[in-house]
Amino acid sequence: MEKNKITDIRVRFAPSPTGHLHVGGARTALFNWLFARHHNGKFILRIEDTDEERSSAENTGEIIRSLKWLGLEWDEGPDKPGEYGPYLQSERNFLYKKYIEKLLAEDKAYRCFCTQEELASEKTRAESEKRQYRYSGKCSHLTDEEINSFLEQKRPYVVRLRIPKGETVLNDVIRGRIEFKNEIFDDFIIQKSSGGVVYNFAVVIDDALMNISHVIRGDDHISNTPKQIIMYEALGFSLPVFAHVSMILGGDGKRLSKRHGAVSVDQYRDDGLFPEAVVNYLALLGWSTSDSRQFFHLNDLIKAFSLENISSNPAIFDIKKLEWLSCEHWKLFDRDLKRKYAVECLTSAGFVSGGLSKDEIELLDKALALVGDRIKKTGDILIQINFFFKKEINYPENILKKYFSSGTSFLEVLDKIVNSMEQLENFNEIEIEKIVKGQAALLGIKDVKLMQVIRVVLTGQEISAGIFETIMLLGKNKTVERIKNIVRKLGS
RNA sequence: GUCCCCAUCGUCUAGUGGCCUAGGACAUCGCCCUUUCACGGCGACGACAGGGGUUCGACUCCCCUUGGGGACGCCA
């Protein structure tokens, strides 16, 4: 029975490219995208770039890159023309004129010839009388003669929308019914004296012409909505469904800003969080299922998502939970995906260049299997596997100092161990473990202590997966070589 | 100042009048596992902002207060 409705679902994400994609914007985009995908509708990207001073093409590019990184592909957008374009607001100017004319002709809007000075004095007077300033409506009753004569004089004018008496009701999916008394609005400007149109007018035209069925956006737009509703009605357009999502705040409950650390999604990308996790986390910020499920793949989100389950309270961004989810996602990545992320890391760190050889890929897969769950961010991949790909190990000063400066010198025992290893017919875990533990016993030290020394020698760091498994994967040659090198280096 | 939104553990939330001595997840803290680092297992701590109503009965409905956020441009 809902068939018609479902096939007609069209939503949009309409960022203004005045900065990078903010986590709040990303979540809005995600909710729109999920809603569209859930209902088999269309997701449209529209760039609101009419603020020449603050908008830039670079920012647009960044936003597009971030959205793609998150995996949110759009059906129509600046780079994907559809029948409702253009999708850059700056290129849509020609569309607005006609609707301004229409409103003017129907007397639902009027030209206002008041000068900036007149307006300013109205404003100061209102202030001195402690009155809420609203445009007086001085020009709302000009006669045709007056208008024509002003036009002939080429006096600049703006176009204002007549606000009807009464009240305007916003039925918000998330918040329910919200009523506004129309008297709180003045006849606001919809066309500037430059001839350009104002945001509140442009969104309405754009959304209506693009056949947007659901407007899902931040709740900072709630107070704009009644004005927009009045416009929809003046223009005879049917209303979309509105859903206003709460904002994302910083840890102190204040509006999220640079002070709170990362606010743009590319910072999380640069930080090494997996996009699968970022999307999962963002979804959980303000949306939930009644079974309190936490872990979702994108497809699960699409299936489970609904506007009704979006909560109305603002959320505070919690990086710890994001990191936890990032690890949870890593655990379930398949071999290819893990390999993909690892190759990216290794390449950008300069350990490999170009494509990996067959042997390298085999080594990589084994290393990743060995590493297991020890990964929260892409950077952890490098930490865990770098020494498999290094030709030579560089030992940081503090490590050398900690393990080789005072007390028991391990060089002698390392020398013995390496000799025994070389003589091994079967270079396998059990035999190696025997050697190491035997030597530890001989020395009267804990075997774990000796194991840690070997770990440091082979990896140049204090952490790695199980040492005997690491040795096996490293292979006899590299193992022997690295031990010999350190003995030689420090022995002199 | 005017208007609007919001209010459950530190954080994200479940809860739609009796199922709630309020459930889950992250974080924190213990213990266990352990070869470092992670993972994992078990457990602990921990919330209905306050005050009035309505009701046989309120976390749930209404009002007020308080606190937080937002909007009030010829910006988007």
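All chains are named by letter (A, B, ...) in the order of the sequence lines, taking the proteins before the strands, and each is independently numbered beginning at 1.
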Could you give the [atom1]-to-[atom2] distance, from [X] to [N], as a whole number of Å?
X	N	atom1	atom2	value
A:Ile375	B:G40	CD1	P	14 Å
A:Arg217	B:C5	CZ	C1'	14 Å
A:Gln116	B:G73	CD	C1'	10 Å
A:Gln384	B:C39	CD	C1'	11 Å
A:Asp172	B:C4	CG	P	15 Å
A:Arg455	B:U34	CZ	C1'	11 Å
A:Glu48	B:C75	CD	P	15 Å
A:Phe113	B:C74	CZ	C1'	15 Å

Mind checking [X] for me? I need base, sugar-phosphate or nothing, with any heavy atom below 4.0 Å counting as a touch.
X	value
A:Gln191	nothing
A:Val448	sugar-phosphate
A:Ser246	nothing
A:Ala465	base
A:Phe468	base
A:Asn224	base
A:Ser292	base
A:Gln294	base
A:Ser311	sugar-phosphate
A:Ile467	base
A:Ile189	base
A:Gly466	base
A:Arg54	base
A:Gly218	nothing

I'd like to check [X] versus [Y] (side-chain heavy atoms, cut-off strictly below 4.5 Å). Are they in contact?
X	Y	answer
A:Leu21	A:Glu62	no
A:Phe188	A:Ile163	yes
A:Ile64	A:Thr60	yes
A:Val198	A:Lys192	yes

Distance check: side-chain N/O of [X] vs OP1/OP2 of [N], anything under 4.0 Å?
X	N	result
A:Lys181	B:U2	no
A:Asn313	B:U8	yes
A:Lys376	B:C39	yes

Among [options], find the nucleotide with the atom closest to the side chain of [X].
X	options	answer
A:Met247	B:G70, B:C6, B:A76	B:G70
A:Leu285	B:U35, B:U13, B:C12	B:C12
A:Ser290	B:A71, B:G15, B:U35	B:G15
A:Phe180	B:U35, B:C3, B:A71	B:C3
A:Asp220	B:U36, B:A71, B:C75	B:A71
A:Lys192	B:C74, B:U8, B:C12	B:C74
A:Ile316	B:A76, B:G40, B:C12	B:C12
A:Ser312	B:C39, B:A7, B:C12	B:A7
A:Ile463	B:U11, B:C37, B:C75	B:C37

Euclidean distance for [atom1], [N] against [M] (whole angstrom):
N	M	atom1	answer
B:C72	B:C56	C1'	47 Å
B:C19	B:C6	P	26 Å
B:C59	B:G1	P	34 Å
B:C62	B:C74	P	37 Å
B:U8	B:U60	C1'	11 Å
B:A7	B:U65	C1'	13 Å
B:G43	B:U55	C1'	40 Å
B:A38	B:G23	C1'	29 Å

Worksheet entry | First encountered from the 5' end of RNA chain B, between A:Pro15 and A:Gln452 | A:Gln452
Worksheet entry | Closest-nucleotide ordering on RNA chain B, the 5'-leading residue of A:Glu328 and A:Trp324 | A:Trp324
Item to complete: Check whether NZ of the Lys or CZ of the Arg A:Arg111 lies under 6.0 Å from the centre of the six-membered ring of A:Tyr157 and within 45 degrees of that ring's axis.
Response: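 Because its charged atom sits under 6.0 Å from the ring centre and within 45° of the axis, A:Arg111 does stack over A:Tyr157.
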Is any side-chain N or O of [X] under 3.5 Å from a base N or O of [N], one able to act as donor and the other as acceptor?
X	N	result
A:Arg175	B:C6	no
A:Arg374	B:C37	yes
A:Ser193	B:C74	yes

For [N], what is the paired nucleotide under Watson-Crick or G-U wobble rules, both distances under 3.5 Å?
N	answer
B:A71	B:U2
B:U28	B:A44
B:U66	B:A7

Item to complete: May I ask you to check whether over 12 heavy atoms, not counting those of A:Ile430, lie within 6.0 Å of atom CD1?
Response: no
Worksheet entry | For B:C39, glycosidic torsion class - syn if within 90° of 0, otherwise anti | syn
Response to the item:
From the list A:Thr225, A:Ile174, A:Val173, side-chain contact (heavy atoms from CB on, under 4.5 Å) with A:His244 holds only for A:Thr225
Fill in: Aromatic ring proximity, centroids under 6.0 angstrom, A:Phe31 and A:Phe305
yes
Discussion item. Please report whether the ring centroid of A:Phe296 lies less than 6.0 Å from that of A:Trp287.
Written reply: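 Distance test on ring centres: under 6.0 Å, yes.
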Worksheet item: Charged N to carboxylate O below 4.0 Å: is that the case for A:Arg175 and A:Asp219?
Response: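 So A:Arg175 pairs with A:Asp219 through a salt bridge.
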